[in-house]
Asks: 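If you scroll down you'll find the structure; I have some questions about it.
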Amino acid sequence: MELLKYIFLGFIQGMTETIPVSSSGHLMIFKEIMCVNVDFDTIAILTNFGSLIAIIILFWNDILKIIKGFFKYLKTKDEKAKIDYKYAWMIVLGCVPAGLVGLLVSYFDVFDKIENNVKIVGFSLIITAILLFIIRNFKGKKEDSKIGIKEALTVGCFQILGLFPGISRSGSTIVGGMTQGLKRDTAFKYSFMLYIPMSIAAMALEIFDLNIDPSLIFYYICSIIVSLVVTLLVTKWFRKIVNNGKLIYFSIYCFIVGLLVILFL
């Protein structure tokens with residue numbers, strides 16, 4: 001039974017990390033429902049690591065292409081590599097707004113009093129639902145090469161919303177990208193290019209909050225592996241949903257779950 005708890009939490013993380021429903025919000029909901037003796041903060045950090053590895057695997061070819069293009073342009077000024085060079089800087093720029101706000105939030109413990117309030121998650125899910133509903137029919141034309149300072153900063157500012165407990169980071173950044181006229185898959189890819197450095201930075205800040213129990217190492221590993229595998233599968237599926245313009249399904253889901261949380265938890 002103890003092992004099943006950790007497998008289940010890894011599954012929840014993997015299912016909700018990359019789709020626009022807020023993984024942290026769902027972990028808080030299940031924490032409220034399950035009433036089990038589990039260190040949810042430690043589990044959240046560890047299972048997020050599993051999701052991070054999954055995203056790196058999925059976008060490995062893109063990551064390598066961007067890195068190679070960046071250094072090739074620095075060295076040779078090759079025009080073909082300039083797109084990757086620019087894109088790399090747009091990733092950095094897109095991380096700046098949420099990065100700065102995240103540091104301030106962490107330093108001043110801005111969410112300290114509300115981060116365990118499940119009602120807040122309910123309202124946040126409804127906000128996510130509204131954002132997804134607004135852009136349900138958006139279909140931009142801009143590709144990777146068209147992401148400039150304006151687009152990067154706009155998506156970066158939308159990413160700030162993802163710092164709030166219960167608001168989906170992937171949802172807010174995809175919404176931000178689509179409001180700037182990015183193609184659906186372009187917005188999807190850019191969202192997860194921002195996710196990688198932001199997730200690494202968040203884990204670096206949270207690593208001191210880890211409370212590892214040596215007797216639970218096997219359970220931790222199982223939870224991470226489940227999170228990794230499920231994230232891989234769900235993200236591939238989610239990409240198809242985004243490209244087919246079916247984000248309305250997630251809008252409906254977030255609204256229903258948010259309402260249920262407000263009314264019953």
Asks: Are more than 12 heavy atoms, taken from residues, nucleotides or ligands other than K142, located less than 6.0 Å from that residue's NZ atom?
Replies: yes

Asks: According to the interplanar angle, ranging from 0 to 90°, do the rings of F250 and W237 count as parallel (below 30°), tilted (30 to 60°) or perpendicular (above 60°)?
Replies: perpendicular

Asks: Tell me if the CZ atom of F138 is crowded by more than 12 foreign heavy atoms within 6.0 Å.
Replies: yes

Asks: Side chain of K119, backbone of I262: donor and acceptor closer than 3.5 Å?
Replies: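 Looks like yes, one N/O pair under 3.5 Å.
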
Asks: Are I127 and I252 co-members of a hydrophobic cluster defined by side-chain heavy atoms under 4.5 Å apart?
Replies: yes

Asks: Kindly indicate, with the supporting measurements, whether the criterion ring-ring contact (aromatic ring centres under 6.0 Å, His included) is fulfilled by F8 and F30.
Replies: CA-CA 10 Å; F8 178 72; F30 281 99; 5.3 Å; yes

Asks: Mark yes or no for whether Q180, through its side chain, and G177, through its backbone, hold a donor-acceptor pair below 3.5 Å.
Replies: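 Side chain of Q180 to backbone of G177: no pair is present.
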
Asks: For the hydrophobic clusters of this structure (ILVMFWY residues joined by side-chain heavy atoms under 4.5 Å, transitively), does one cluster hold both L27 and L265?
Replies: yes

Asks: Side-chain contact test, heavy atoms from C-beta onward, threshold under 4.5 Å: evaluate it for R239 versus N243 and give yes or no.
Replies: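 Yes. Closest side-chain heavy atoms under 4.5 Å.
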
Asks: Hey, what do you get for CG (D62) to CD1 (I67), rounding to the nearest 0.5 Å?
Replies: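 Interatomic distance, D62 CG to I67 CD1, rounded to 0.5 Å: 11.0 Å.
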
Asks: So S51 and S227, side-chain hydrogen bond (donor to acceptor under 3.5 Å, both in side chains) or not? Walk me through it.
Replies: CA-CA 6 Å; S51 291; S227 175; 3.2 Å; yes

Asks: Once rounded to the nearest 0.5 Å, what's the spacing between atom CG of L232 and atom OG1 of T18?
Replies: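 Here the interatomic distance stands at 9.5 Å.
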
Asks: Rounded to the nearest 0.5 Å, how far does NZ of K141 lie from OG1 of T186?
Replies: 13.5 Å

Asks: Quick check for you: to the nearest 0.5 Å, what is the distance between I248 atom CD1 and I135 atom CD1?
Replies: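 It comes to 9.0 Å.
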
Asks: Where do Y190 and G94 come nearest, in terms of heavy atoms and distance?
Replies: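 Heavy atoms only, the tightest pair is OH-CA, 3.6 Å.
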
Asks: Where does the angle between the aromatic ring planes of Y219 and Y6 fall among parallel (under 30°), tilted (30 to 60°) and perpendicular (over 60°)?
Replies: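 Correct class here is parallel.
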
Asks: Do I130 and F255 have side chains that approach each other closer than 4.5 Å (heavy atoms only, starting at C-beta)?
Replies: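 I130 vs F255: side chains apart.
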
Asks: Between H26 and I12, is there a donor-acceptor pair closer than 3.5 Å when you use the side chain of the first and the backbone of the second?
Replies: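 It does not hold such a pair.
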
Asks: Taking the side chain as every heavy atom from C-beta outward, state whether P20 and I174 have any atom pair closer than 4.5 Å.
Replies: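 No, every pair of side-chain atoms sits at 4.5 Å or beyond.
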
Asks: Can you confirm whether I212 is buried at CD1, in the sense that more than 12 heavy atoms of other residues, nucleotides or ligands lie under 6.0 Å from that atom?
Replies: yes

Asks: As an exercise, state the distance from OG of S22 to CZ of F164, rounded to the nearest 0.5 Å.
Replies: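 If I round to the nearest 0.5 Å, the distance is 11.0 Å.
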
Asks: Do L52 and I221 sit in the same hydrophobic cluster, where Ile, Leu, Val, Met, Phe, Trp and Tyr count as joined when their side-chain heavy atoms come under 4.5 Å apart?
Replies: yes

Asks: Can K68 and D84 be counted as an ion pair, charged N to O under 4.0 angstrom?
Replies: no

Asks: Run the side chain to side chain contact (heavy atoms under 4.5 Å, CB included) test on Y87 and M193 for me, step by step, so that the C-alpha distance in whole Å, both residues' side-chain angles and the decisive distance to 0.1 Å come before the verdict.
Replies: CA-CA 10 Å; Y87 193 86; M193 287 297 105; 3.6 Å; yes

Asks: Pick from T42, T47, V38: which one makes a side chain to side chain contact (heavy atoms under 4.5 Å, CB included) with S223?
Replies: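 Answer to the side chain to side chain contact (heavy atoms under 4.5 Å, CB included) test with S223 among T42, T47, V38: T47.
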
Asks: Indicate yes or no: at least one non-hydrogen side-chain atom of V21 is less than 4.5 angstrom from one of S168.
Replies: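 No. Closest side-chain heavy atoms not under 4.5 Å.
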
Asks: For D213 and Y220, run side chain to side chain contact (heavy atoms under 4.5 Å, CB included): C-alpha distance rounded to whole Å, both residues' side-chain angles, the deciding distance at 0.1 Å, then the answer.
Replies: CA-CA 9 Å; D213 183 343; Y220 294 149; 3.6 Å; yes

Asks: Are S23 and R169 linked by a side-chain donor-acceptor pair shorter than 3.5 Å?
Replies: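 Absent: no donor and acceptor within the cut-off.
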
Asks: Contact between I196 and I63 at the side-chain level, heavy atoms closer than 4.5 Å - yes or no?
Replies: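 The answer is yes, as the side chains (C-beta and beyond) meet within the 4.5 Å cut-off.
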
Asks: For the pair F192 and F59, name the ring-plane relationship: parallel under 30°, tilted 30 to 60°, perpendicular over 60°.
Replies: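 F192 and F59: parallel rings.
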
Asks: Once you round to the nearest 0.5 Å, how far does CG of L9 lie from SG of C222?
Replies: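 With rounding to 0.5 Å, CG (L9) is 12.5 Å from SG (C222).
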
Asks: Which pair of non-hydrogen atoms, one from T173 and one from S191, has the smallest distance, and what is that distance?
Replies: OG1-OG, 2.6 Å

Asks: Would you find a donor on one side and an acceptor on the other, under 3.5 Å apart, between the side chain of S251 and the backbone of A129?
Replies: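 Between the backbone of A129 and the side chain of S251 there is a qualifying donor-acceptor contact (under 3.5 Å).
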
Asks: Would you name the heavy atoms of P214 and I217 that are closest together and state the gap between them?
Replies: O-CG1, 3.1 Å

Asks: Do you reckon I200 sits in the same ILVMFWY cluster as V96, going by side-chain contacts under 4.5 Å, direct or chained?
Replies: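 Result: no, two separate clusters.
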
Asks: Under 3.5 Å, side chain of S106 to main-chain N/O of L103, donor-acceptor pair present?
Replies: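 No, S106 side chain to L103 backbone: no donor-acceptor pair under 3.5 Å.
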
Asks: So, for A152 and L93, which heavy atoms are closest and what is the spacing to 0.1 Å?
Replies: CB-CD2, 4.0 Å

Asks: Show the nearest heavy-atom pair for residues E151 and L182, with the distance to one decimal.
Replies: CG-CD2, 4.4 Å

Asks: Counting C-beta onward and ignoring hydrogens, is there a side-chain heavy-atom pair between V175 and I134 closer than 4.5 Å?
Replies: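 In short, these two side chains do not touch, never coming nearer than 4.5 Å.
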
Asks: Going through the distances and angles, do M178 and L247 end up as a side chain to side chain contact (heavy atoms under 4.5 Å, CB included)?
Replies: CA-CA 12 Å; M178 291 176 71; L247 287 173; 4.2 Å; yes

Asks: Return yes if some donor-acceptor pair links the side-chain N/O of T154 with the main-chain N/O of K150 below 3.5 Å, else return no.
Replies: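 Checking the backbone N and O of K150 against the side chain of T154, a donor-acceptor pair under 3.5 Å is found.
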
Asks: For residues V257 and I29, determine if any side-chain heavy atom of one lies less than 4.5 Å from a side-chain heavy atom of the other.
Replies: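 V257 reaches I29 side chain to side chain.
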
Asks: Find out whether P97 and V101 are in side-chain contact, i.e. whether some heavy atom of one side chain is under 4.5 Å from a heavy atom of the other.
Replies: no

Asks: Treat each ILVMFWY residue as a node, draw an edge where side-chain heavy atoms are under 4.5 Å apart, and state whether L161 and L153 are in one component.
Replies: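 Linked, L161 and L153 end up in one cluster.
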
Asks: Just wondering, are more than 12 heavy atoms of other shown residues or ligands nearer than 6.0 Å to NZ in K86?
Replies: yes

Asks: Check this for me, if you would: do E143 and K146 make a salt bridge, where the nitrogen-to-carboxylate-oxygen distance has to be below 4.0 angstrom?
Replies: no

Asks: Within a 6.0 Å radius of atom CD1 on I207, are there more than 12 heavy atoms belonging to other residues, nucleotides or ligands?
Replies: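 Not buried by this count: 12 neighbours or fewer within 6.0 Å.
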
Asks: Check the pair S170 / Y195 against side chain to side chain contact (heavy atoms under 4.5 Å, CB included), numbers first and verdict last.
Replies: CA-CA 8 Å; S170 66; Y195 167 84; over 6 Å; no

Asks: Quick check: are there more than 12 heavy atoms from other residues, nucleotides or ligands sitting under 6.0 Å from NZ of K189?
Replies: yes

Asks: Identify the heavy atoms of G99 and M198 that sit nearest to each other, and give their distance.
Replies: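 Heavy atoms of G99 and M198 come nearest at N-CE, 3.9 Å.
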
Asks: Taking atom NZ as the centre, does K77 end up with more than 12 heavy-atom neighbours from other residues, nucleotides or ligands that are less than 6.0 angstrom away?
Replies: yes

